[in-house]
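Everything on this sheet refers to the single structure shown next.
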2 protein chains.
Amino acid sequence: MNDAREVVVLRYGHRPGRDDRMTTHVGLTARALGADRVIFPDNAGQSAETVRDITDRFGGPFAVELRDDQKAIVRDFDGVVVHLTMYGERVQDVEGEVREAAGLDDATAGGSPPAPRDVLVVVGGEKVPWALYERADFNVGVTNQPHSEVAGLAVFLDRLFDGTELDREWADADRRVVPEATGKTVIDADGEGADGGGADDEGAGGRGDETTDAGN
Amino acid sequence: MNDAREVVVLRYGHRPGRDDRMTTHVGLTARALGADRVIFPDNAGQSAETVRDITDRFGGPFAVELRDDQKAIVRDFDGVVVHLTMYGERVQDVEGEVREAAGLDDATAGGSPPAPRDVLVVVGGEKVPWALYERADFNVGVTNQPHSEVAGLAVFLDRLFDGTELDREWADADRRVVPEATGKTVIDADGEGADGGGADDEGAGGRGDETTDAGN
């Protein structure tokens, strides 16, 4: 979303079949809420395909990678490593420190603006190794309650970017949704009408079934 | 979360098997992020059981209902109906209006504090009828991009409550996670140590697999 700094989401662990939709939603949430790239385990090819398809249609830039070396990615990451976990420090307590470590707060009192650093946000799937807790610069809990890794990622990114991710623009999109009080209007990205109207089809909570569910 | 007003999340539509985890995550996210109650379609019994189990262990109050009359619930709701959809108005543009309609902003210039009103947040699953777009007081898009109904719900609730949901306290919990920089500590809710330490088990993005995945 920003040339100065890359925000990468790593989905740690994936069980094919069982986790397909959750992993797809992690990827789509990363894209929609301002990350630059998502890394899936190499057995999550179907989810990668879905996220790439959405990016082709609704725009980018957003990269999807399949990698088999998750431990090494975390170990060797040159930047700030944030691990989202219900056991971590409360997001409301540490979000300022995370933003500062990443150089996202340019209003440091009196000093020069901090240098931008890349951020790796690790979202657990299956069991994550204890070494990840030790390696992470921040273990962060979006509440200390069991809920959803997708929800945790969404709230974390919204707070990391302080809401600015909602205003990002999309390049190379085929189509664009026109926000409206009552309607379902999709236009060609060049401005021509492509679809729309009040048909009896779906269009749910910040997503579109016809797209997110493809192949899952 | 607040005696003066009930915030209810309605999961609209559910396909057993295919949607179990998503519906469970909608329910757990509603609970963790400040809603008072979730309503599932009556074919989502397995998800209801999981969310009730988490509430028994990690505390409440939080209610889970199974209902077969989703259209009527929306039609007859006495309060503010918010429908989350990627076709809706941008959340950053309308969140103030929603808060005002619900009486969540008590700082109305010069006037008396607005009366609290209940809020129904509708999260689509399968196809939702066009009538829902017309009935909703607000159709709201957490981005106008396809992503995840769980992510959309999470960001919406965090903004509706302006972050105060993260400080809520839980009654009648068996156990409680102690937030920490590096660790996985769970104590009995009465303060006794119950579990913890650095075992090689999971504990992922704002959730706990051992709990959220039960029965899914």
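- If you measure heavy-atom distances from A:V178 to chain B, the contacts under 4.5 Å come from the backbone alone.
- When each of A:E165, A:E134, A:R168, A:R31 is scored by its heavy-atom pairs under 4.5 Å with chain B, the top score falls to A:R31.
- Only the side chain of A:L33 comes within less than 4.5 Å of a heavy atom in chain B; its backbone stays farther off.
- Neither the backbone nor the side chain of A:D93 comes within less than 4.5 Å of any heavy atom of chain B.
- Applying the salt bridge (charged side-chain N to carboxylate O under 4.0 Å, His left out) criterion to B:R52, with sequence neighbours excluded, gives no partner residue.
- The CZ atom of A:F138 sits 14.5 Å away from atom NE2 of A:H83, with the distance rounded to the nearest 0.5 Å.
- Within the 4.5 angstrom heavy-atom criterion, only side-chain atoms of A:D158, from C-beta onward, approach chain B.
- Salt-bridge annotation for A:D19 and A:R21: absent, with no side-chain N of the basic residue lying under 4.0 Å from a carboxylate O of the acidic one.
- In terms of heavy-atom pairs under 4.5 angstrom with chain A, the leader among B:V91, B:L166, B:V155 is B:L166.
- For the atom pair B:T29 OG1 and B:L157 CG, the distance stands at 8.5 Å (nearest 0.5 Å).
- For A:E95, the salt bridge (charged side-chain N to carboxylate O under 4.0 Å, His left out) partners at least two apart in sequence or on another chain are A:R159.
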